[in-house]
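For the numbers below, each heavy atom of this structure counts, side chains included, while hydrogens, waters and symmetry mates do not. Lettering follows sequence order; numbering is per chain, from 1.
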There are 2 protein chains.
Amino acid sequence: MNVKCKIWFEKNGGVAFAEGRRMLLEAVDRLGSLNAAAKELGMSYRAAWGKIKATEKALGIKLLEVTTGGKGGGGATLTPDARELIRKFEKYTNRMNLLMEREFKNIFDKKKS
Amino acid sequence: MNVKCKIWFEKNGGVAFAEGRRMLLEAVDRLGSLNAAAKELGMSYRAAWGKIKATEKALGIKLLEVTTGGKGGGGATLTPDARELIRKFEKYTNRMNLLMEREFKNIFDKKKS
DNA sequence: CAGCGTTATGCCTTATATGATATAACTCCT
DNA sequence: AGGAGTTATATCATATAAGGCATAACGCTG
């Protein structure tokens, strides 16, 4: 048996941002396209777009700067808000994962507790 | 925006035990009956029973000592394994909730990070 | 001006988790 | 013996979320 923990940001009670969406944004940043990011993660464009929209609506911020048409058909890049969101999420989850492991050992490895 | 965290125990990749089930077991312990516990938590007996079974199967342990028929129709009490599970879960989640709050302030209240 | 590769989005299907319904079995009590 | 109140479990219904399908718009490029 082991312990798991899912961390997410929320606003007004709905899940707004978690690991899956962090990965999606990271891929968009790297590839310059939501479509390409979706493909890389093995999901449809529709699904990826839906997740982005859901987060934008929940948090009330804009995540992607997009262009349609033109060279290469268009593309998407991250807004500064999106970058900040990613950075804080990473920092928080990294720290919590470390603490989780430590506490787990504390409580489950001791002979008496 | 705020951070939430769901903590659960798992084995072989499936959710085995989390807050809802902890509450259910606690109610069984207090009331001496799964049926009564289910009613108190506003769920059907069927639903409560399903959760218990799922956890027992996932962890491979027995949670309830039950009797059917007899005085009052029967009843259920917690096994020692169930008590230990509850105790460890409570200890772990209490500790983690404390740490979560502390880290949240660390990362989100600072001017620079 | 047609084609290509994007973003954009409404509609409808489908997958999944959840719970309701129904039925059986058990044992003490009257 | 019958009733009360519980556990036990299979089957069926349903609510909800996730995503597929279809279609449109956009603007460079050849």
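A/L31 is not connected to A/L34 by any chain of hydrophobic side-chain contacts under 4.5 Å among Ile, Leu, Val, Met, Phe, Trp and Tyr, and they are in different clusters. The hydrophobic cluster containing B/L41 also contains B/L63, counting ILVMFWY residues as joined when their side-chain heavy atoms lie under 4.5 angstrom apart, directly or transitively. B/L98 and A/M96 are assigned to two separate hydrophobic clusters, defined by single-linkage of ILVMFWY side chains at heavy-atom distances under 4.5 Å.
A salt bridge does not link A/R87 to A/E90: none of the charged side-chain nitrogens sits closer than 4.0 Å to a carboxylate oxygen. B/R22 has no carboxylate O lying under 4.0 Å from a charged side-chain N of B/E26, or vice versa, which leaves the two without a salt bridge.
For DNA chain C, the residues of residues 31-45 of chain A within the heavy-atom distance limit of 4.0 Å (strictly under) are A/S33, A/L34, A/N35, A/Y45, sorted by number.
Rounding to the nearest 0.5 Å places CZ of B/F9 at 6.0 Å from CG of B/L85. Rounded to the nearest 0.5 angstrom, A/E103 CD and B/I7 CD1 are separated by 10.0 Å.
Computed from coordinates, the A/K53 NZ to D/dA18 P distance equals 18 Å when rounded to whole Å. In this structure, CG of A/L24 is placed 14 Å from P of D/dA18, rounded to the nearest angstrom. Rounded to an integer number of Å, the gap from B/E65 CD to D/dA8 C1' is 15 Å. For the pair B/I52 CD1 and D/dT9 P, the interatomic distance rounds to 13 Å; values are reported in whole Å. Residue B/W49 contributes atom CH2, which lies 14 Å from atom P of C/dG19 at whole-angstrom precision. Rounded to a whole Å, the CZ atom of B/R21 is 12 Å from the C1' atom of C/dA17.
Scanning all heavy atoms of the two residues, the minimum distance from A/K91 to B/I107 falls at CG-CD1, 3.4 Å. The two residues A/W8 and A/A18 have their closest heavy-atom pair at CB-CB, 3.8 Å.
Each of A/G72 and B/L64 was matched to the nucleotide of DNA chain D holding its nearest heavy atom; the match closer to the 5' end belongs to B/L64. Across the interface with DNA chain C, nearest-nucleotide mapping of B/R46 and A/G74 shows A/G74 to be the residue nearer the 5′ end.
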field: nucleotides 25-30 of chain C: protein proximity per nucleotide (B base, S sugar-phosphate only, - neither; heavy atom, under 4.0 Å)
entry: -BBS--

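Each of D/dT9, D/dG19, C/dT7 was ranked by its minimum atom distance to the side chain of A/K51; first place goes to D/dG19.
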